[in-house]
Amino acid sequence: QAMQLMAQTEDCPKQMICTTMNRLAELHMAANKPAQARDVLDKALLIAEEWLERKEPETMAVMKNLARIHYKLGAKQQARQVAERLLKTQEAVFGARHGEVAETLELLAAINQEARRYDCSEGQYRKALSIKEGLHGSQHEDVARLLRKLASLHYDKHDHTLAKPLLKKSLAIRKTTSNLQDEELASIFQQLADVYYAECNYQSSELYYKKALNLRKKLLGEHCLEVADTLCGLGKLMCAIKKYRSAESHLNLALEIQTDILGPYNKEVAATLAKLAGVYMSQGRFSEANLMSEQSMACQVQHMQLNVDDNEPYDRAVVYHSQGAYLEAEEFYHKALAKVERSLGTDHFHLAEILTKLAELNRSLEKYDKAENLLFQALKIFERMKHRAVLTVYATLADLYQYEERFEEAETLYKLALSIMQAAATVRQSDRIAILGGYERLLAASGRKAEAERMRTRLKNDLKRSRFSQSINKGSLADS
């Protein structure tokens, strides 16, 4: 009604129009209508840029919300462009150590984190953290939030040993500074649940997922993306502990929420469909699993076509790879390699990640020499980083050698991987299975039955408390 009256008033101040449109957009955001919010903010920004200076508070407020809504909708490129313009304006108006500057740095860090520009993202998080500590001290809720986001960055890099202490520190600050039950606390619970899940500590994971879910439902209602995110985590966990009905129920509810808010062609919807396919596959419901996989793939392709400007070459390569379109996948993997080398250098985690995927593709094409070379390139990067993914590459290389009947070379790699496992504080269960299971298969194929049985027993004991223990009863461990 206010906007209608303003439209009828020739001399209505443009600041008032922008402020009213910004508030309407915030209302849409609170009501989980991000697309409507974006449309209002796009119009508000056009008015602000035509009639107001960029340093006007109304212009900056519109840019701030627009950057956030683009980010929420997955439009990373648009979000980055608006946020970078906003940051320059804020630094010019407020100076480099202002709270508003820290908030924009935090948003840019999140955008770069999703784009796997981890070094850039970490630098921005740490700069924002430094500003907030300088303004409020080290025991402030803003500091706790930035520690949580740094933890999420390490989690994305598979550095769970670095993520967990940051999350515990964040939670400790929240407990000493505030008893507020808010979304930030729910996010800490969610990320702790994710870390415990990655460690196969399913009991603790379930506890924190349920804490996050209950708090989010209380704060935000049952129909929002945050609740859907937690439901997806619980669905994944329930599948891991073989509670398939519960997993299916959680994931279907998450899918309903995501589809309603984001539309049917969104990457989050595609990811949930893929998780449902995994649940059906685990139960031997293969036709339903295939249907879900096809829907997930169609959703990814449609999302790619609708968001051409935001498509990372790597994401497109993964979609083509999963479709079996190997030539297209190879083209985009190479584009992704070139882009990462230009922007992040030749010694970056994501570069090694792309190399391992490209190696996997070349193995599918029976280009074994090329696959081996790519894996060695990835291995050198992971070794320089002292990253736990070294074990994954050793297991993959050893499996390749075993397939080519290069048994001595495969055994050398398995022994090297075992020595690293013994010295490591924690080892991912997927790596443990790949290494010990692969070695058991090698020993069995070589006729060394007693050694194979000892290796099998070792892994069976290691996995007693994990979700795999019940499935290892007969036959080859690698098959299990």
Side-chain angles (χ1 to χ4, degrees), residues 21-22 24-45 48 59-90 99-118 120-125 127-129 142 145-146 148-153 155-156 183-184 186-187 190-191 216 220 224-230 232 257-258 261-263 265-272 300 303-304 306-312 314-315 343 350:
M21 294 180 79
N22 200 34
L24 178 60
E26 288 174 349
L27 181 63
H28 285 315
M29 289 162 69
N32 279 308
K33 297 177 180 177
Q36 289 94 319
R38 177 198 56 205
D39 294 343
V40 173
L41 289 167
D42 279 336
K43 293 174 184 176
L45 188 58
T59 307
M60 288 190 284
V62 170
M63 292 173 72
K64 180 178 178 179
N65 277 337
L66 186 57
R68 292 183 183 281
I69 207 67
H70 278 314
Y71 173 67
K72 188 169 187 176
L73 287 167
K76 296 187 292 259
Q77 188 65 25
Q78 291 98 315
R80 181 184 290 112
Q81 288 172 354
V82 177
E84 286 175 347
R85 287 166 55 200
L86 176 61
L87 181 63
K88 287 180 182 178
T89 305
Q90 288 173 331
E100 291 286 336
V101 171
E103 289 183 14
T104 305
L105 282 167
E106 185 178 336
L107 176 59
L108 277 167
I111 294 167
N112 284 315
Q113 181 180 344
E114 282 206 9
R116 301 182 186 87
R117 300 175 66 188
Y118 297 128
C120 182
S121 176
E122 184 171 359
Q124 288 166 333
Y125 277 135
K127 188 174 179 181
L129 182 62
D142 287 354
R145 183 183 67 251
L146 283 160
R148 174 186 66 78
K149 292 195 172 183
L150 262 175
S152 75
L153 175 70
Y155 177 84
D156 285 354
E183 168 54 25
E184 179 56 32
S187 294
Q190 171 91 15
Q191 286 180 217
R216 283 176 164 170
L220 306 170
C224 67
L225 292 175
E226 291 80 5
V227 166
D229 188 33
T230 309
C232 284
I257 296 169
Q258 290 169 335
I261 295 174
L262 298 171
Y265 304 119
N266 186 276
K267 61 181 181 180
E268 298 298 328
V269 174
T272 304
Q300 289 183 60
H303 177 75
M304 234 167 38
L306 291 171
N307 299 273
V308 175
D309 292 339
D310 286 317
N311 290 331
E312 292 289 331
Y314 176 73
D315 295 330
S343 59
H350 188 38

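With respect to the salt-bridge test (charged N to carboxylate O, under 4.0 angstrom), the residues Lys127 and Glu122 do not qualify.
Taking the side chain as every heavy atom from C-beta outward, Leu86 and Gln90 approach each other to under 4.5 Å. Taking 4.5 Å as the limit, some side-chain heavy atom of Lys72 sits within range of a side-chain heavy atom of Leu225. Contact annotation: the side chain of Tyr155 never approaches that of Gln191 to less than 4.5 Å [non-hydrogen atoms, C-beta and beyond]. Taking the side chain as every heavy atom from C-beta outward, Arg85 and Arg80 never approach each other to under 4.5 Å.
A distance of 14.5 Å separates OH of Tyr71 from CD of Gln78, quoted to the nearest 0.5 Å.
Remark: the backbone N or O of Glu226 is paired with a side-chain donor or acceptor of Arg216 at under 3.5 angstrom. Formation of a donor-acceptor pair under 3.5 Å by the Glu106 side chain with backbone atoms of Tyr125 is not found in this model. When atom types are taken as modelled, the side chain of Ser121 and the backbone of Tyr118 share no donor-acceptor pair closer than 3.5 angstrom.
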Inset, instruction - Take Lys149 and Glu184 through the test salt bridge (charged side-chain N to carboxylate O under 4.0 Å, His left out) and record every step on the way to the result. - result: CA-CA 10 Å; Lys149 292 195 172 183; Glu184 179 56 32; over 6 Å; no
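Of all non-hydrogen atoms in Asn112 and Gln124, the two that sit nearest each other are ND2-OE1, 2.8 Å.
Between the side chains of Glu183 and Ser187, at least one donor N or O sits under 3.5 Å from an acceptor N or O. Counting only N and O atoms by type, the side chains of Asn266 and Gln258 include no donor and acceptor under 3.5 Å apart.
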